[in-house]
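Inspection log for the structure reproduced underneath, given as C-alpha cells.
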Amino acid sequence: EAGVAQSPRYKIIEKRQSVAFWCNPISGHATLYWYQQILGQGPKLLIQFQNNGVVDDSQLPKDRFSAERLKGVDSTLKIQPAKLEDSAVYLCASSLTDQSHYEQYFGPGTRLTVT
Amino acid sequence: AQKVTQVQTEISVVEKEDVTLDCVYETRDTTYYLFWYKQPPSGELVFLIRRNSFDEQNEISGRYSWNFQKSTSSFNFTITASQVVDSAVYFCALSGSSNTGKLIFGQGTTLQVKP
C-alpha cells in the first residue's frame, strides 16, 4: 500500500514570497491533517479535513495560511506571504476517520526555509 | 486543556544499554489514546504503539516495552539493549475523545546511541 506522498521535499523562499505544498493521502483515508513542526518541537496541528470539509483550523494563521481539499482526496497548503517564523517542516498525515484511536500515517514532510 | 510533557530533551547511551524515555500527560477526557512515534533523521514519523485509557497492561514488542500508569499520568517507553539504529527523536502524543482525532505531541526526546 502506498504511503502518504508530499511534495516538494524542500523549499527555500524569501520572506513575503508565497509557497504551496501538496499532499496525497493513503487511498481510502477520509481524514487528512496538516501539522507544522518547528525545529526542536513536536508537530502542531494546523488544519484537519474530514473528506473535503474542515474539522479543525483553530491554530491556522488564517491571515497568511490557507488550505483546501477540494475533491476529498489530495490537499494543498499555501502560505502567502511567508514570514521568517514559518521556517519549519510541514507534515501531512492521514487516517481512516477522525476517531481518536485511529492511527495517523505521516508523509515525509516538506522542509521550508524562509530567508 | 490537553498537554504532553516529555521529561528528557536529550539522552545519550552506549550501545547495549537499556534506556527509558518518560512521558507525562494531562487531559480531562476519560477516554483517550496515547501514542509513541519515532522520527529518524529522514524526518518521517513512524508509528510505534497506541494504548487506550482503559488498558493499563504493559506491552512488549521485541526490544521495546511500554509502561502505562494512569495513577501518575505517565506512559513511559523503554528500549532494552539499545542499538545505533535506535538513534532518533521519539515523540509521545495524546488524542482525547473530546478531540477530533488530532494528536497533541510532546516536544520530543532525542536519543543518541553510541557504538
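A note on names: the letters A, B, ... follow the listed sequences, proteins ahead of strands, and every chain is numbered from 1.
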- Message: In the structure I gave you, are the side-chain heavy atoms of P43(A) and F91(B) within less than 4.5 Å of one another anywhere?
- Response: yes
- OG of S95(A) to NZ of K102(B): how many Å apart, nearest 0.5 Å? 14.0 Å
- Here the gap from F35(B) atom CZ to Q104(A) atom CD, rounded to the nearest 0.5 Å, amounts to 7.0 Å
- Message: Surrounding NZ of K11(A) (heavy atoms of other residues, nucleotides or ligands, distance under 6.0 Å), is the total greater than 12?
- Response: no
- Has E85(A) got more than 12 heavy atoms of other residues, nucleotides or ligands less than 6.0 Å from its CD? yes
- Query: From E103(A) CD over to L48(B) CG, what is the distance, rounded to the nearest 0.5 angstrom?
  - Reply: 9.5 Å
- Task: Pick one of side chain, backbone, both or neither for Q39(B), based on which atoms fall under 4.5 Å of a heavy atom in chain A.
- Result: side chain
- Query: Just wondering, do Q41(A) and Q107(B) contact through their side chains at under 4.5 Å, heavy atoms?
  - Reply: no
- Task: Flag yes if more than 12 heavy atoms outside K15(A) fall under 6.0 Å of its NZ atom; otherwise flag no.
- Result: no
- Message: With rounding to the nearest 0.5 angstrom, report the CD1 to NZ distance, I104(B) to K44(A).
- Response: 11.0 Å
- Message: Does atom CG (L84(A)) have a neighbourhood of more than 12 heavy atoms from anything else shown, all under 6.0 Å?
- Response: yes
- Message: Applying side chain to side chain contact (heavy atoms under 4.5 Å, CB included) to Y37(B) and F106(A), what does each step give before you reach the verdict?
- Response: CA-CA 10 Å; Y37(B) 280 85; F106(A) 285 81; 3.7 Å; yes
- Message: For residues I49(B) and L111(B): do they belong to one hydrophobic cluster (side chain heavy atoms under 4.5 Å, members Ile, Leu, Val, Met, Phe, Trp, Tyr)?
- Response: yes
- If you count the non-hydrogen atoms of other residues, nucleotides and ligands that lie under 6.0 Å from NZ in K62(A), is the total more than 12? yes
- Is it true that Y64(B) and L21(B) fall in one hydrophobic cluster, defined by side-chain heavy atoms closer than 4.5 Å? yes
- So, Y35(A) side chain and L103(B) main chain: donor-acceptor pair closer than 3.5 Å or not? yes
- Task: Run the ring-centre check on Y102(A) versus Y33(B) and record whether the distance is less than 6.0 Å.
- Result: no
- Under 4.5 Å heavy-atom distance to chain B, tell me which part of Q6(A) shows up: side chain, backbone, both or neither. neither
- Joint cluster assignment, V54(A) & L60(A), ILVMFWY side-chain distance < 4.5 Å: yes
